[in-house]
Amino acid sequence: MKFELKHTFDAPVDAVMDAMSDPAFPEFMKSHMKLMSDIKPIDRKEEGGRLSWRLRCVPVPMIKKVGPKEVPPEALAFVQESTIDRAGKRITFKNVAEHPKVLKHLENSGSFSFRDVGGRTERLISGELKVTNLPFLLKPLGAIAERLIYSNAEDLLNEEAKVFGEFLKTRGKPAA
């Protein structure tokens, strides 16, 4: 399924893009998000004017049990791979599941694009989330699973936007 989600921030586009790529942002998110149990930077590379980074993210489980079996938080862990294109006002991302069973069946990628709206910044997240490689008889459940996963991802992204707005307010201010 394809998706789009918009957020607006009270800062110019360049300030928003700088804050999103700030190495301090993952730790801020980790300490302020309720829907994410862990966020750890894996690596960060700047080559030829391109900045890319990878974060290991562990969301709070949206499904606690499947039948009698508990779903551990680590089963939902994924690595977010991001690259920023400052000139194009865009960040591309790909979320790669760590658990082999999830990796086999879930694909998620897209982009964040930024535009000025009267001195503020509109951030449009667009992408695609696909449940794939299901056995023939389970294929009809793929669309249902996509909607369920996106519903939870939307909650997570809306919380991230709220936390990011708070992070933006802290930037450029002297430490207390």
Side-chain angles (χ1 to χ4, degrees), residues 3-62 72-99 102-103 106 108-129 149-150 152-176:
F3 62 88
E4 285 192 352
L5 191 58
K6 286 182 185 177
H7 299 107
T8 304
F9 303 102
D10 288 322
V13 171
D14 289 339
V16 168
M17 292 184 72
D18 288 346
M20 284 204 66
S21 60
D22 187 326
F25 182 47
E27 185 61 37
F28 190 90
M29 277 194 301
K30 179 181 172 179
S31 64
H32 289 80
M33 288 185 71
K34 291 177 177 54
L35 297 177
M36 196 64 82
S37 65
D38 195 21
I39 302 171
K40 284 190 181 116
I42 297 173
D43 62 31
R44 185 178 175 89
K45 296 177 189 159
E46 189 146 5
E47 297 176 52
R50 290 183 62 130
L51 173 64
S52 61
W53 64 90
R54 295 184 324 137
L55 300 175
R56 182 176 187 271
C57 303
V58 183
V60 171
M62 57 184 168
E74 295 297 314
L76 304 174
F78 63 92
V79 174
Q80 179 193 70
E81 301 172 349
S82 301
T83 302
I84 190 167
D85 171 6
R86 290 186 191 285
K89 309 281 187 229
R90 187 175 170 91
I91 296 174
T92 56
F93 71 88
K94 181 176 180 182
N95 293 325
V96 180
E98 283 189 344
H99 193 284
V102 177
L103 179 61
L106 187 63
N108 177 225
S109 62
S111 65
F112 292 73
S113 55
F114 305 87
R115 71 181 188 105
D116 178 75
V117 286
R120 300 173 79 208
T121 299
E122 178 184 88
R123 179 182 78 179
L124 173 66
I125 305 170
S126 57
E128 187 168 17
L129 185 145
I149 294 165
Y150 176 70
N152 287 280
E154 183 179 29
D155 291 344
L156 197 140
L157 289 166
N158 284 331
E159 182 185 32
E160 177 273 343
K162 182 179 175 200
V163 168
F164 180 70
E166 293 303 312
F167 180 70
L168 264 174
K169 292 176 189 174
T170 69
R171 288 177 47 88
K173 293 183 181 177

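Quick note: numbers below take in every heavy atom, side chains included, and nothing from hydrogens, waters or symmetry partners.
- Between Lys169 and Glu166, at least one side-chain nitrogen of the basic residue sits less than 4.0 Å from a carboxylate oxygen of the acidic one, meeting the salt-bridge criterion.
- A donor-acceptor pair is defined here as one N or O able to donate and one able to accept, closer than 3.5 Å; such a pair exists between the side chain of Ser37 and the backbone of Val58.
- Ring pair Phe25/Phe164 is perpendicular by interplanar angle, where above 60° counts as perpendicular and below 30° as parallel.
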Side chain to side chain contact (heavy atoms under 4.5 Å, CB included), that's the test. Do Lys30 and Asp38 meet it? Break it down for me.
CA-CA 6 Å; Lys30 179 181 172 179; Asp38 195 21; 3.1 Å; yes

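- Under a 3.5 Å cut-off, the side chain of Ser111 and the backbone N or O of Thr92 do not form any donor-acceptor pair.
- Remark: Glu160 pairs with Arg123 by the salt bridge (charged side-chain N to carboxylate O under 4.0 Å, His left out) rule, at least two apart or across chains.
- Within 6.0 Å of atom NZ in Lys94, 12 or fewer heavy atoms from other residues, nucleotides or ligands are found, so the atom counts as exposed in its surroundings.
- Every ring pair (Phe, Tyr, Trp, His ring centres under 6.0 Å) that Tyr150 has, sequence neighbours left out, goes to Phe3.
- Residues Val60 and Lys34 are not in side-chain contact: their nearest non-hydrogen atoms beyond the backbone lie 4.5 Å or more apart.
- With hydrogens and angles disregarded, no donor-acceptor distance shorter than 3.5 Å links the side chain of Glu81 to the backbone of Val96.
- Counting only heavy atoms from C-beta outward, the side chains of Asn108 and Phe78 never approach each other to under 4.5 Å.
- Checked against side-chain hydrogen bond (donor to acceptor under 3.5 Å, both in side chains), Arg50 has no partners two or more places apart in sequence or in another chain.
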Evaluate Arg86 against Asp14 for salt bridge (charged side-chain N to carboxylate O under 4.0 Å, His left out), listing each step before the verdict.
CA-CA 8 Å; Arg86 290 186 191 285; Asp14 289 339; over 6 Å; no

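- Taking NE2 of His32 as the start and CD1 of Ile39 as the end, the distance is 11.5 Å to the nearest 0.5 Å.
- Between Met29 and Cys57 there is no side-chain heavy-atom pair separated by less than 4.5 Å.
- Separation of atoms CG (Leu5) and CZ (Phe112) is listed at 9.0 Å; rounding is to 0.5 Å.
- Across every non-hydrogen atom of Arg44 and Leu51, the tightest pair is NH2-CD2, 3.4 Å.
- Here the straight-line distance linking atom NZ of Lys40 with atom CD of Glu27 works out to 10.0 Å at 0.5 Å rounding.
- Phe28 is listed as a side-chain neighbour of Thr170, based on a closest heavy-atom distance under 4.5 Å.
- Residues Asn152 and Leu35 form no side-chain contact, since every pair of their non-hydrogen atoms from C-beta on lies 4.5 Å or further apart.
- Listed here is the closest heavy atom pair of Val13 and Thr121: N-OG1, 2.9 Å.
- For the side-chain contact (heavy atoms from CB on, under 4.5 Å) with Ile84, the qualifying choice from Met20, Glu46, Met17, Arg90 is Met17, the only one to do so.
- For the pair Glu98 and Arg56, the minimum side-chain heavy-atom distance is below 4.5 Å.
- Here CG of Leu157 is found 4.5 Å from CD1 of Ile125. Values are rounded to the nearest 0.5 Å.
- The minimum heavy-atom distance linking Ile42 with Leu55 is given by the pair CD1-C, 4.1 Å.
- Inter-residue side-chain proximity for Ser21 and Trp53 is flagged as met; some heavy-atom pair is nearer than 4.5 Å.
- In this pair, His7 and Phe9 present their aromatic rings tilted. The plane angle is within the 30 to 60° band.
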